Amino acid sequence: MRNCAIVGINWGDEGKGRMVDLITENYDFVVRFQGGGNAGHTVINEYGKFALHLLPSGIFHKNVVNVLGNGVALDPENLMAEIETVREKGIAINENNLKISDRASLLLPWHRELDALEEERLADKKYGSTKQGIAPFYSDKYQKKTVFAGELFYPEELRRHLSELLEWKNLTIERVYGAKPHTMAEIEEWIEKYADKIKPFVTDTGKLLREAQKNGKSIMFEAQLGSLRDLDFGIAPYTTSSNTTASYAPIGSGCPSVKIDDIIGVVKAYSTCVGEGPFTCEWFGPEAEKLREAGGEYGAKTGRPRRVGPLDIVATRYGVQVQAATCIALTKLDVLSYMDKIPVCTHYVLNGEQTDEFPFPAALPDAKPVIEYLPGWGVDVSSCRKFEDLPKAAQDYVLFVEEKIGCHIGYVSVGPERDSIITR
Ligand code: GDP
């Protein structure tokens with residue numbers, strides 16, 4: 001029995017969903033431990049193409065138990081919509097294969113609204129939120145002003161708790177933003193709509209996972225976004241509001257005693273970034289357009305065109321370190337086949353000096369990329385299934401990246417399908 005975490009090394013959208021989908025059949029449990037409906041994992045399998053936001057990617061595997069831990073932002077609206085979409089494709093989702101922590105806090109209707117109001121107030125200084133309510137949710141959680149999913153089983157107490165929260169929250173909505181206050185009737189209607197749908201899945205996931213450990217079961221932890229969006233270690237303030245790093249998985253799943261043996265860090269063969277914030281390697285114009293088209297780089301949640309550029313070794317090495325990755329999955333190598341030469345950012349220049357270190361957030365906007373070019377391979381690699389099948393230049397690119405980031409590349413992905421993968 002080994003436990004594993006699959007995490008993003010960069011800005012998110014590295015292809016974690018396809019890696020989890022590939023590997024989950026070897027695990028008994030798949031656990032989401034942070035984040036909410038604000039990002040998307042794209043999974044392509046025999047049932048079709050899915051953009052998962054909250055559901056763990058193990059949902060497609062019959063014998064896997066999927067867990068939403070206490071660390072997630074439990075958004076009932078998004079979750080129920082997502083469950084319906086997945087069920088429509090013939091996949092069973094029931095209380096046996098989906099478990100929600102009784103200590104997961106509910107993302108309430110005012111969280112989404114406050115997210116939008118704050119982005120509007122920030123105007124041209126906005127953080128690039130997907131407006132799914134995540135930042136207001138987590139700040140309320142840390143102020144102890146959210147309700148647990150487990151409170152749905154105590155309706156009287158829940159009503160009292162919500163009316164207290166409502167009174168407090170309306171102060172902000174009305175006095176800070178000048179917006180229309182919420183009413184208790186609205187909130188009760190909302191609870192009425194979702195409580196019975198959510199309750200069957202709610203349980204003590206800490207107990208469940210502790211028992212699983214005792215019985216020799218294996219657990220996979222599935223992260224959302226990437227190292228550079230981590231609340232503590234990312235490119236503040238353009239981060240998400242939770243910890244996207246593997247070390248948070250034991251806490252966010254409800255099982256702090258769990259030991260993670262393997263941390264698979266997912267890195268895309270080039271860089272992409274959604275939203276605002278410094279993105280040192282960014283390309284613009286036709287060069288960017290070509291890469292964006294080749295990689296289909298449009299947000300899974302919002303459809304927004306992603307910012308693109310060459311692989312950033314400085315940011316990636318830092319990402320590997322903060323995730324404590326034990327192995328790397330390099331995805332989308334096939335996308336680079338159109339390039340005559342492959343650009344890589346090997347260093348930054350900061351204050352006139354070359355550096356290998358990823359800068360402190362306040363210094364990051366001044367960093368300039370140093371680009372090196374490696375030979376291209378010029379042929380389609382999507383049918384390669386062994387490392388030796390890859391053209392020499394593609395092998396060299398992988399080995400170059402491996403050496404620079406200081407972590408073994410154990411998987412090379414050459415297409416979105418489950419079997420388009422090379423294992424080393
Ligand atoms: P995630 O949030 O990290 O799971 O990433 P996304 O799902 O947002 O983005 C990854 C996208 O790349 C999805 O559309 C995947 O189907 C696709 N993808 C993943 N791996 C590969 C690959 O190796 N090659 C190609 N061409 N597409 C891939």
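Order of listing sets the numbers, starting from 1, for every ligand and every atom in it. The structure displayed is predicted, hence computed values, not measured ones.
Backbone and side-chain nitrogen or oxygen atoms of Leu333 are examined, and none is located within less than 3.5 angstrom of a nitrogen or oxygen of ligand 1. Residue Lys49 has no nitrogen or oxygen atom sitting less than 3.5 Å from a nitrogen or oxygen atom of ligand 1, judged on distance alone. In terms of polar-atom proximity, Val335 is not counted as a contact of ligand 1, lacking any N or O under 3.5 Å from an N or O of the ligand. Taking distance alone, with nitrogen or oxygen atoms compared against 3.5 Å, Gly12 stays at or beyond that limit from ligand 1.
Contact annotation for Val414 and ligand 1: only backbone heavy atoms (N, CA, C, O) come within less than 4.0 Å of the ligand. With a 4.0 Å heavy-atom cut-off, ligand 1 is reached by the side chain of Asp334 but not by its N, CA, C or O. Residue contacts with ligand 1 for Lys16 involve both N, CA, C or O and side-chain atoms from C-beta outward (heavy atoms, distance under 4.0 Å).
Residue Ile44 has at least one heavy-atom neighbour below 4.0 Å for each of these atoms of ligand 1: 16 (O). Applying the 4.0 Å criterion to heavy atoms of Ser413 picks out, from ligand 1, the atoms 20 (N), 21 (C), 22 (C), 23 (O). Listed by atom number, the atoms of ligand 1 under 4.0 Å from Glu14 heavy atoms are 3 (O), 5 (O).
The backbone N or O of Ser218 lies less than 3.5 Å from no partner atom in the side chain of Asn3, so there is not a single donor-acceptor pair. Side-chain N or O atoms of Arg112 include none that pairs as donor or acceptor with a backbone N or O of Leu114 at under 3.5 Å. Side-chain atoms of Asp389 come within 3.5 Å of backbone N or O of Lys386 as a donor-acceptor pair. Of the possible polar contacts, none joining the His61 side chain to the Gly58 backbone as a donor-acceptor pair under 3.5 Å is found.
Compare Lys268, Arg18, Glu297, Lys332 by their heavy atoms: the one nearest to atom 27 (N) of ligand 1 is in Lys332. For atom 10 (C) of ligand 1, the nearest non-hydrogen atom from the set Ala51, Ser337, Ser420, Gly15 comes from Gly15.
Within the structure, ligand 1 has Arg306 among the residues with a heavy atom less than 4.0 angstrom away.
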Practice problem: Determine, stepwise, if the pair Val266 / Lys16 fulfils side chain to side chain contact (heavy atoms under 4.5 Å, CB included). | Solution: CA-CA 6 Å; Val266 187; Lys16 293 177 293 298; 3.9 Å; yes
Quiz item: Taking it one step at a time, do Glu46 and Arg418 satisfy salt bridge (Lys or Arg N to Asp or Glu O under 4.0 Å)?
Solution: CA-CA 9 Å; Glu46 66 268 34; Arg418 196 177 273 173; 3.5 Å; yes
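No more than 12 heavy-atom neighbours from other residues, nucleotides or ligands sit within 6.0 angstrom of CG on Asn63. With a 6.0 Å radius and a threshold of 12 heavy atoms from other residues, nucleotides or ligands, Lys217 has its NZ atom at or below the threshold.
Side-chain rings of Tyr318 and Phe233 stay apart, their centers remaining 6.0 Å or farther from each other.
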